[in-house]
Amino acid sequence: MSSVNPGALPQSDEAQPKKRNEWPLWEVFIRGQHGMSHRHVGSLHAPDADMAIRNARDVYTRRNEGVSIWVVEARHIAASSPSDKGPLYEPSESKVYRHPTFYDIPDEAGHM
Amino acid sequence: MYAQMIQSEATAEDPDKLAAFEARIAAGEKIEPKDWMPAGYRKTLIRQIGQHAHSEIVGQLPEGNWITRAPTLERKAILLAKVQDEAGHGLYLYCAAETLGVSRDELTEMLLDGRMKYSSIFNYPTLTWADMGAVGWLVDGAAIMNQVPLQRTSYGPYSRAMIRICKEESFHQRQGYDIMMKMAFGTPAQKRMAQDALNRFWYPALMMFGPSDKESVHSAQSMAWKIKMNTNDELRQKFVDETVPQAEYLGLTVPDPDLKWNEERGHYDFSEPDWSEFFDVLKGNGPCNADRMEARQQAWAEGQWVRDGLMAHARKRAARRVAAE
């Protein structure tokens with residue numbers, strides 16, 4: 001997911017240039033032909049949601065990749081923090097009994 | 001390649017963080033935008049991805065030159081689709097660069113004021129229709145050589161952009177070779193045009209990989225960080241080995257009298273391009289540098305009112321919506 005905090009220019013320490021009138025950033029989600037959920041495919045700039053969908057059509061579905069497009073302005077996305085990785089996912093890591101392979105079923109019982 | 005002569009940057013970092021970061025890369029993990037990364041990794045990536053993105057955008061110009069003069073409607077439609085893909089590839093790459101904390105407009109401004117560069121190859125003119133064949137076959141072919149391994153690069157957004165691009169790129173090379181076949185197997189005059197295009201694009205295509213980086217500390221750092229996956233020389237050799245039989249099939253001659261299969265090495269021996277020409281083109285003295293930059297500057301300046309107008313319209317509509325609620 002792209003989160004943009006325009007920072008210092010990579011090659012210069014000069015004063016920040018004038019404020020830009022830049023189109024906001026949108027994240028694009030596309031549902032493919034095969035009934036899967038919408039999936040994040042990338043981002044783009046557009047002045048508003050209508051234009052974001054049109055641009056997403058041109059940028060991300062030039063080869064029939066999708067039958068449905070969602071766009072959401074990047075600044076509206078909340079994301080988990082990478083440093084929380086351990087504590088956030090620990091509860092599921094310790095529960096091996098949630099997986100079918102935890103249980104031994106005898107062959108005599110047939111396919112299960 | 002599309003990103004040539006990228007300087008890597010060593011920065012002073014917390015040694016523990018740096019060691020943990022490099023261990024992640026060594027283990028094949030992807031680095032994602034919000035993860036800790038050394039400032040040098042970030043800066044090098046912004047330069048490399050930015051230069052790659054600019055190359056895709058500027059790369060539309062030499063081919064755009066022939067859209068209105070394509071010999072058939074089908075060729076015209078194909079060329080349009082290819083050039084549209086290049087715009088898309090530029091946009092994927094700008095998005096990837098933006099996750100590192102630089103905005104697309106900033107990158108564009110850096111291209112326009114000369115602080116950032118694009119690949120040297122796009123400073124050569126496309127003089128005949130056969131050049132559309134040579135560009136697709138050789139230039140896109142060389143790009144693929146570099147981009148396929150970059151799908152495994154350590155930075156997640158860059159890797160994902162490369163995967164998308166590679167999926168689409170093979171059409172580009174094949175349509176170029178298809179043009180070359182038509183020309184090379186056509187009339188004697190057409191075959192001469194095909195040979196002439198190969199003559200003019202061979203060495204500039206070899207230059208796309210950049211000079212030998214055996215001694216380069218920048219390359220060593222970028223390879224350790226998996227920003228760069230192969231040396232320039234490895235990729236150039238691979239390109240020559242794959243391309244020579246394709247030229248032979250066309251009945252065309254690679255313009256290198258010293259080109260020879262080396263049984264012992266299992267590779268072709270070939271002549272180096274003229275590196276003084278390469279550095280001269282990078283400096284801005286290639287045949288089309290001024291034209292390319294002028295075209296980009298004009299497009300940016302003349303598009304200003306459209307960008308501003310659409311933004312003003314979006315703000316007005318948003319304000320009306322708020323007022324109606």
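Here is the naming used below: chain letters follow the sequence lines, and residue numbers restart at 1 for every chain.
Comparing B:Asp308, B:Asp105, B:Leu310 by how many heavy-atom pairs each has under 4.5 Å with chain A, the most go to B:Asp105. The candidate with the highest count of non-hydrogen atom pairs below 4.5 Å against chain A, out of B:Arg315, B:Arg42, B:Lys167, is B:Arg315.
Only the side chain of B:Arg317 comes within contact range of chain A, with at least one heavy atom under 4.5 Å from a heavy atom of that chain. Only the side chain of A:Asp50 comes within contact range of chain B, with heavy atoms under 4.5 Å apart. Looking at B:Leu91, the atoms closer than 4.5 Å to chain A (heavy atoms on both sides) all sit in the side chain, from C-beta outward.
A salt bridge links B:Lys82 to B:Asp140: at least one charged side-chain nitrogen sits closer than 4.0 Å to a carboxylate oxygen. Remark: B:Arg104 does not engage A:Glu22 in a salt bridge, criterion side-chain N to carboxylate O under 4.0 Å.
Because its NZ or CZ atom is not both nearer than 6.0 Å to the ring centre of A:Trp70 and within 45° of the ring axis, A:Arg31 does not count as a cation-pi partner of that residue.
A donor and an acceptor atom, one from each side chain of B:Gln48 and B:Tyr158, are located under 3.5 Å apart.
Inter-residue side-chain proximity for B:Glu13 and B:Tyr41 is flagged as unmet; no heavy-atom pair is nearer than 4.5 Å.
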